[in-house]
Amino acid sequence: MTAIQRISAGRRFKDRFVQSLVYLSFAIAVVPLVAVLWMVIKNGLARFDMEFLTHSMRNIGAKDAGGGAYHAILGTLEQVLLASLISIPVGLLTAIYLVEYGEGTRLSRAISFFVDVMTGIPSVVSGLFILAFWILALGLPFSGLAGALALSILMMPTVVRSAEEMLRLVPNDLREASYALGVPKWRTITRIVLPTSFTGIATGVMLAIARVAGETAPLLLTVFFTDSINSDPFNGPQMGLPLYVFDQAARPTDTAIDRAWAGALTLILIVMLLNLVARLIGWWRSPARGR
Amino acid sequence: MSQQIQVSGLDAYYGKHKAIEDISMTIEPQSITAFIGPSGCGKSTFLRTLNRMHEVIPGARVEGKVMLDGEDLYAADVEPVSVRRMIGMVFQRPNPFPTMSIYENVAAGLRLNGRHPKSTVDGIVEESLKGANLWNEVKDRLNRPGAGLSGGQQQRLCIARAIAVKPEVLLMDEPCSALDPISTLAIEDLMAELKSRFTIIIVTHNMQQAARVSDRTAFFNLAGQGQPGRVIEMDDTSRIFTNPAQQATEDYITGRFG
């Protein structure tokens with residue numbers, strides 16, 4: 001039988017040491033995040049005004065003050081919306097097939113493999129693919145839609161992966177309970193499985209949107225570039241916020257640099273707003289609300 | 001309403017593995033039949049073949065006949081979904097739908113299978129909750145989440161959900177194994193009441209429970225590791241527990257093995 005022991009000094013030291021190591025790594029992880037936010041807010045606020053949000057860059061040179069990112073905000077929203085409209089249904093249905101129908105089949109293993117491969121595609125490659133296929137081979141013009149196609153290539157695997165993970169978390173008990181009530185499989189999926197995993201899927205989708213909203217390279221090759229407002233994503237070159245930041249930051253004057261910072265701030269705000277909306281929907285849908 | 005079940009020559013497989021072999025029995029309406037036997041002898045598998053839940057598992061299949069009032073549930077043109085509407089099931093662990101309120105949980109079987117006027121659903125929800133002896137405890141909080149109830153209440157909620165679709169037969173797969181003695185007693189009392197309306201079949205590891213609630217008892221066993229399970233003996237419960245015909249049954253109920 002062993003006696004009750006006192007905590008030795010050595011153990012106490014090790015405990016403290018590891019604890020401070022954990023805090024230190026947390027600080028190291030948070031520092032860049034806070035620094036980025038701080039820089040963007042500090043520098044972005046200078047030009048973050050109504051004119052910036054409501055005007056385009058038409059007839060405004062690099063040295064001129066004023067001008068704004070309205071055309072870029074509009075372009076980004078339209079492109080991301082189109083990309084979501086394409087990739088969320090496809091991604092979600094793929095995930096449903098993988099989890100609910102294809103378990104263990106050769107087709108589902110092949111799909112899983114290719115989704116993994118797609119996750120690793122560098123964003124510029126997806127832009128090059130749409131440039132080569134859509135614009136050069138099919139001869140279609142640069143447009144917001146071409147950009148959305150390139151973005152959806154990047155978005156789809158993320159949506160599939162996160163939705164798949166969330167669907168797998170739904171306990172099999174619930175599916176069986178539903179079957180035992182005489183509910184058909186498709187209705188079990190739409191009325192039991194999807195609502196149960198809704199919050200998780202919404203979060204995953206939001207992360208995917210946030211990821212593609214900041215992509216620059218694929219847009220450069222597909223939506224081209226413009227200083228004017230083009231609200232039609234199916235015709236003619238558009239602008240996007242990342243493109244706008246990229247363009248303005250490359251110019252030598254302070255007014256342009258300020259516009260670039262304000263553009264970056266706008267992009268961050270849009271993504272944060274989308275995230276907030278997703279959280280609100282998740283909270284509103286969650287069963288704990290009634291408690 | 002309740003109907004007679006006749007099983008003849010039933011085998012069930014998981015892939016290549018034969019889990020139960022050559023089971024034949026008749027289950028009378030308005031009675032409680034208990035399945036007892038050591039773990040892994042195929043009681044639950046057999047129970048799940050009765051409402052075609054067995055085939056939900058990938059690779060699982062069934063051979064043989066299950067007749068519900070003269071109709072073969074495994075005939076080629078039978079829709080499994082409609083079988084499960086006739087033969088409800090309560091599982092080992094309470095599994096209320098987490099996104100739904102108490103009310104929605106009970107109404108789930110109705111709502112997911114078609115549209116019904118609200119007054120009808122209201123009536124059935126109240127009737128089912130009363131049938132499951134849960135109405136008095138939850139009538140003031142029908143809109144709260146079903147997952148917020150205690151384990152025993154959740155299990156009665158699941159019973160209410162199962163009887164709300166008005167099945168002929170109620171299958172219960174160890175419905176009390178996750179519950180405390182008081183909740184178990186509540187569910188046993190409930191079964192005795194439900195007996196007048198449904199044919200009830202219960203799988204249990206608790207032999208006192210089988211002796212308390214059931215009219216007929218079937219003893220399942222397997223010949224050895226990897227062998228399929230079989231019915232060793234089926235008789236009136238009083239006979240099984242006092243004077244079984246088979247030595248293996250006697251050994252099991254007296255606690256000599258299992």
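Keep in mind it's a predicted model, so treat the numbers as computed, not measured. Proteins come first, then strands; the chains are lettered A, B, ... in the order of their sequence lines, and each starts at number 1.
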Counting only heavy atoms not in [X] (residues, nucleotides, ligands), do more than 12 fall under 6.0 Å from its [atom1]?
X: Lys18(B); atom1: NZ; answer: yes
X: Phe114(A); atom1: CZ; answer: no
X: Ile7(A); atom1: CD1; answer: no
X: Arg93(B); atom1: CZ; answer: no
X: Glu193(B); atom1: CD; answer: yes
X: Arg11(A); atom1: CZ; answer: no
X: Tyr101(A); atom1: OH; answer: yes
X: Arg279(A); atom1: CZ; answer: no

Where on [X] is there a heavy atom nearer than 4.5 Å to chain A: the side chain, the backbone, both, or neither?
X: Arg161(B); answer: both
X: Pro96(B); answer: backbone
X: Ile87(B); answer: backbone
X: Phe97(B); answer: both

Which bit of [X] comes within less than 4.5 Å of chain B, counting heavy atoms only: side chain, backbone, both or neither?
X: Arg191(A); result: both
X: Glu103(A); result: neither
X: Ser178(A); result: both

### Message
Run the side-chain contact (heavy atoms from CB on, under 4.5 Å) test on Val81(B) and Val183(A) for me, step by step, so that the C-alpha distance in whole Å, both residues' side-chain angles and the decisive distance to 0.1 Å come before the verdict.
### Response
CA-CA 6 Å; Val81(B) 167; Val183(A) 180; over 6 Å; no

### Query
Taking NZ, NE, NH1 and NH2 as the nitrogens, is one of them in Glu176(A) or Arg84(B) under 4.0 Å from a carboxylate oxygen of the other?
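Answer for the salt bridge query: no.
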
So which atom in [X] and which in [Y] form the shortest heavy-atom distance, rounded to 0.1 Å?
X: Pro195(A); Y: Thr99(B); value: O-CG2, 3.5 Å
X: Tyr179(A); Y: Met53(B); value: CB-SD, 3.7 Å
X: Asn113(B); Y: Pro184(A); value: OD1-CD, 3.9 Å

### Query
Is there a side-chain contact between Leu174(A) and Pro98(B) (heavy atoms, below 4.5 Å)?
yes

### Ile192(A) and Leu112(B), any side-chain heavy atoms less than 4.5 Å apart
yes

### Query
Between Arg85(B) and Gly182(A), is there a donor-acceptor pair closer than 3.5 Å when you use the side chain of the first and the backbone of the second?
yes

